[in-house]
Amino acid sequence: MAPAEATYQANRIRNVAIIAHIDHGKTTLIDSIFRAARVFRENQRVEERVMDSYELERERGITIRSKHCTVECDGYLINIVDTPGHADFSGEVERVLSMVDSVLLVVDANEGPMPQTRYVLTRALRLGLRPIVLVNKVDRPNADPFGALDKTFDLFLELGATDHQADFPVVYGSALEGWIAYDPNTGVREGMDVLFQTIISEVPPPRAALDAPFRMQISTLAWSNYLGRIGCGKVLEGTHRRGEELVRTSTRWTDRSHSANTQPGTETQPGTETQPSFAIATYGSAPLTAWEVTGAETTRSAHLWVTRGLERREIDEIRAGDIVWVNGPADITIGDTLSAPDLADPALPPLEIEEPTVSMLFLVNSGPFAGREGQAVTLREIKDRLDRELRVNVALRVEDLGRPDGVKVSGRGELHLGILIEEMRREGIELCVSRPEVIIHIGEEGKTLEPMEELTIDVPNEFQGIVIEKLAQRKGELTGINNAGTGIVRLDISIPTRGLIGYRGDFLTDTRGLGVMSSRFMGYGPWRGEVAHRERGSLVSMEDGATTTYALENLQARGVLFVSPMDPVYTGMIVGEHSRSGDLACNPTKTKKLGNYRAETKEIDVGLKVPWKMTLDQALEWIAGDELVEVTPKSVRMRKAILGLEDRKKATRGRP
């Protein structure tokens with residue numbers, strides 16, 4: 001069958017999303033699918049993880065944004081959606097599942113189902129999708145594909161899967177080696193034909209009526225500086241030609257669980273607040289199914305695209321069943337319905353996107369070094385940049401608190417917000433950000449609720465004691481322990497989200513880098529009490545200038561240094577971690593008084609230790625509530641929110 005014919009026959013289209021926990025091999029699997037489907041020329045140079053097209057995705061080895069591609073096999077058109085595996089980007093998963101008719105659930109043959117596996121599978125089962133299970137990495141040592149399958153089946157039953165969903169097809173393979181088989185022991189370990197045939201036979205074709213009026217719902221957004229917003233979604237009914245009239249219908253949830261009345265707490269300069277600067281939301285008991293139409297407008301399409309391989313191909317007509325891109329409506333957003341003017345009831349329920357759980361302040365860089373290494377932006381410019389991000393990042397929230405120097409930004413987790421900050425600094429923007437804080441809700445009877453995480457840890461036996469002890473101090477509760485006799489024990493822990501802020505560094509230190517931890521958002525639970533963030537204080541500079549070897553040699557006995565000799569510092573900048581609780585003001589620019597005699601080799605070897613150069617993620621976890629991270633294109637510095645020593649003392653004593 002010719003490719004053009006396959007494109008427009010709905011019964012020969014298969015729409016499937018690949019979902020899994022992080023590092024279980026989704027993007028590597030797509031690389032093998034592309035090679036098997038001959039998407040690229042034989043002499044074409046193709047990088048690994050070709051779907052990770054963003055620079056940060058390649059650097060960090062994770063998928064940040066959902067993307068879809070198309071391959072053809074035996075006259076069938078297979079639309080494949082690659083989804084993020086990290087819990088902080090699960091907002092990308094929630095909305096794209098509405099575009100597909102099945103999911104390919106990838107499970108590691110060694111690790112089995114993990115926290116994010118549970119989350120994405122829950123969403124798929126709730127939508128009535130019947131997954132295909134791929135047990136990946138069966139070629140690895142200690143792989144137990146059948147044990148992983150048993151755990152996956154138990155997970156299906158635990159999540160309330162129907163008989164039809166629990167009777168899922170299973171294939172085994174190695175995405176890295178590029179083969180899929182029905183049996184890991186006797187199957188032929190070559191090629192991806194088994195996967196293609198399973199998708200064609202097990203994934204139902206899209207339910208599409210070509211003779212009905214046109215209708216589609218927007219599930220993903222893209223942005224073009226030349227064209228504006230571009231919406232992506234699956235055409236549910238009918239056909240549409242470029243330039244024809246469309247009706248854009250917007251909807252929203254009307255129950256208070258989806259539109260909480262967020263009332264920010266008392267916001268003050270970081271470091272001077274006496275209460276946490278959380279967002280307080282009051283939730284009612286209304287059902288989760290109430291929604292209403294908020295507006296409708298008549299517009300026209302300007303451009304239409306479909307995806308073939310990895311590239312968008314502009315076409316003149318789109319038809320039911322395919323996943324397409326539409327440009328034209330100016331204010332198009334997630335969940336909007338595009339329909340023909342003659343459709344009597346075009347509106348579809350809005351897509352359900354879970355609310356953010358973590359927030360921080362994005363502030364104008366007011367430090368002495370502002371503008372030296374990047375673009376010192378104003379508050380208006382920060383707001384403009386965040387407005388551009390809101391066009392495509394639906395899990396993000398921006399709240400104007402009326403402060404003259406910043407806004408509150410909320411997201412699904414530290415990594416979600418950290419990626420945004422990293423993107424901004426790479427654009428040349430300088431800014432300061434506060435420590436991440438969880439968003440608190442007020443439940444029934446006025447009880448305080450906080451976001452809770454399901455934490456799964458794989459750690460060598462000898463380190464489980466220290467891990468359990470540290471997490472208990474952070475209000476974690478051990479809910480399960482599994483020792484398979486391999487020297488690795490799996491711990492299941494329920495812990496507040498704020499208990500995980502700043503813990504990853506301690507975890508790597510306590511387990512000597514041998515532990516693996518992952519978590520997923522479970523929901524809101526009762527407040528578990530105060531959590532101690534950091535036992536040690538900060539070494540804070542009280543002078544401006546360049547650090548000296550003489551001063552740092554004396555300071556390193558007081559803690560761990562963050563700076564090297566000749567690094568520029570300013571008053572209020574944090575130059576190290578104090579070995580004791582409480583902050584210590586110091587002078588890292590102090591010079592030695594010269595005498596009458598100095599040997600040429602006097603300070604060649606003074607024994608300075610290598611400083612701890614923190615990354616952005618580490619700095620966000622480390623800082624205290626009265627501290628900020630100063631982010632520039634070249635540097636990540638930590639500083640006190642109130643720079644002057646005397647000013648900080650006055651704020652602590654409550655003086656005006």
Only one of R313, R308, K234, R14 passes salt bridge (charged side-chain N to carboxylate O under 4.0 Å, His left out) with D322, and that residue is R308

**Request:** Report yes or no: does E177 contribute a side-chain atom to a donor-acceptor pair with the main-chain N or O of K137 at less than 3.5 Å?
**Result:** no

(Q) For the aromatic rings, using the six-membered ring if either is Trp, is the centroid distance between Y182 and Y172 under 6.0 Å? (A) no

- Does E317 pair with R319 as a salt bridge, N-O distance under 4.0 Å? yes

**Request:** Please confirm whether the backbone N or O of A175 pairs with a side-chain atom of S32, one donor and one acceptor, at under 3.5 Å?
**Result:** yes

Side chain to side chain contact (heavy atoms under 4.5 Å, CB included) test vs P131 passes for just one of I19, L125, T152, L104, namely L125

Going by the angle between their ring planes, with limits at 30° and 60°, are Y524 and F521 parallel, tilted or perpendicular? perpendicular

- Message: The test is side-chain contact (heavy atoms from CB on, under 4.5 Å); show your working for M99 and C232 and say whether it passes.
- Response: CA-CA 9 Å; M99 294 194 299; C232 178; 4.2 Å; yes

Q.
One pair to check against side-chain contact (heavy atoms from CB on, under 4.5 Å): F196 and D74. What are the steps and the verdict?
A. CA-CA 9 Å; F196 291 142; D74 297 335; over 6 Å; no

* To do: Take F153 and F146 through the ring pair (Phe, Tyr, Trp, His ring centres under 6.0 Å) test and state the conclusion after the steps.
  => CA-CA 10 Å; F153 181 73; F146 297 112; over 10 Å; no

Strictly below 4.0 Å, N to O, side chains only: are R140 and D108 in salt-bridge contact? yes

With sequence neighbours left out, the residues meeting salt bridge (charged side-chain N to carboxylate O under 4.0 Å, His left out) with K151 are none

Is it true that E423 and R426 make a salt bridge, defined as a side-chain N closer than 4.0 Å to a carboxylate O?
no

Taken in chain and number order and not counting sequence neighbours, the residues that satisfy salt bridge (charged side-chain N to carboxylate O under 4.0 Å, His left out) with D144 are none

By salt bridge (charged side-chain N to carboxylate O under 4.0 Å, His left out), R388 pairs with (sequence neighbours left out) none

Practice prompt. Please determine, by modelled atom types, if T294 and S250 share a side-chain donor-acceptor pair under 3.5 angstrom.
Written response: no

